[in-house]
Amino acid sequence: MSDNAFTPSHIPIQINYLKQDRVLEVIWDDDLQTRLSAELLRVESPSAEVQGHHPSEKRIISGRKHVGIINIEPVGHYAVKITFDDLHDSGIYSWHYLRELHNTQTKLWQQYEQALKDRGLSREPAAARPAHK
């Protein structure tokens, strides 16, 4: 087999955090431009804390509508580690995973919103939610 299974087919040539929009922008070597919200990156973190060790263990993370990114750190030549302003920092975002998020973000977002609704949860942080009477 000539291709290494860990070698991504595309790599970023530029990664920018657009702080005002809370969006991670990735420019790929094939000129594709990816824009991923900090909220999506946070709730779809590849960490075991979020994903679990089996699809049935995946946690639904609520209250992250206004989450931002405070640090982006390279991990070798294959990934970045993102630190969010809620201090979550245990996910390693490989180039392959970022590309996968690009391709599936609409579907993932719909699933996330439905999961929140099904559980009576909100994207709003707890302090911003109106109190129940």
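- The neighbour count for D30 CG, taken as heavy atoms of other residues, nucleotides or ligands under 6.0 Å away, is above 12.
- L98 and I11 fall within the same hydrophobic cluster, defined by Ile, Leu, Val, Met, Phe, Trp and Tyr side-chain heavy atoms under 4.5 Å apart, directly or through other members.
- Using a 3.5 Å distance cut-off with no hydrogens or angles, the side chains of Q51 and E57 do not pair a donor with an acceptor.
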**Study point:** Candidate pair W95 and S9, rule side chain to side chain contact (heavy atoms under 4.5 Å, CB included), full reasoning
**Key:** CA-CA 9 Å; W95 306 151; S9 57; over 6 Å; no

Point to revise | side chain to side chain contact (heavy atoms under 4.5 Å, CB included) evaluation trace for V67 with H88 | key: CA-CA 10 Å; V67 73; H88 176 77; over 6 Å; no

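- At a threshold of 4.5 Å between non-hydrogen side-chain atoms, the residues R42 and I61 count as touching.
- Other residues, nucleotides and ligands place no more than 12 heavy atoms under 6.0 Å from the NZ atom of K19.
- Of all the heavy atoms in S90 and S47, the pair that sits closest is OG-CB, 3.3 Å.
- Counting heavy atoms from C-beta on, the side chains of R123 and S62 never come closer than 4.5 Å.
- V80 and I70 fall into different hydrophobic clusters, defined by Ile, Leu, Val, Met, Phe, Trp and Tyr side-chain heavy atoms under 4.5 Å apart, directly or through other members.
- Looking at L32 and H102, their side chains come closer than 4.5 Å, going by heavy atoms from C-beta outward.
- Checked options I72, T34, N16; the residue passing with L24 is I72 (criterion: side chain to side chain contact (heavy atoms under 4.5 Å, CB included)).
- Looking only at atom types and distance, the side chain of H54 has a donor-acceptor partner in the side chain of S56 under 3.5 Å away.
- For the pair R64 and E124, the salt-bridge criterion is not met [side-chain N within less than 4.0 Å of a carboxylate O].
- Proximity of E100 to E44: side-chain heavy atoms (C-beta onward) are nowhere separated by under 4.5 Å.
- Taken from OG in S45 to NZ in K58, the straight-line distance is 10.0 Å, to the nearest 0.5 Å.
- The closest side-chain heavy-atom distance from T83 to E73 is not below 4.5 Å.
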Check your understanding: Would R22 and E39 satisfy side chain to side chain contact (heavy atoms under 4.5 Å, CB included), going step by step from the backbone distance to the final call?
Key -> CA-CA 8 Å; R22 293 188 305 272; E39 183 180 7; over 6 Å; no

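- Taken together through direct or relayed side-chain contacts under 4.5 Å among Ile, Leu, Val, Met, Phe, Trp and Tyr, V23 and F84 form parts of separate hydrophobic clusters.
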Point to revise | Test log, rule side chain to side chain contact (heavy atoms under 4.5 Å, CB included), inputs D21 and R35 | key: CA-CA 10 Å; D21 297 329; R35 292 175 57 94; 3.9 Å; yes

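- Linking Ile, Leu, Val, Met, Phe, Trp and Tyr residues whenever their side-chain heavy atoms come within less than 4.5 Å leaves I13 and L36 in two separate clusters.
- With values rounded to the nearest 0.5 angstrom, Y97 atom OH is found 7.5 Å from T104 atom OG1.
- Sorted pairs that involve residues 21-44 and meet ring pair (Phe, Tyr, Trp, His ring centres under 6.0 Å), not counting sequence neighbours, are lacking altogether.
- Cluster membership check: I69 does not share its hydrophobic cluster with L18, using side-chain heavy-atom separations under 4.5 Å among Ile, Leu, Val, Met, Phe, Trp and Tyr.
- Between L101 and L41 there is a side-chain heavy-atom pair separated by less than 4.5 Å.
- Remark: the backbone N or O of G68 is paired with a side-chain donor or acceptor of D85 at under 3.5 angstrom.
- Under the side chain to side chain contact (heavy atoms under 4.5 Å, CB included) rule, Q111 has a single partner from K107, Q114, E113, which is K107.
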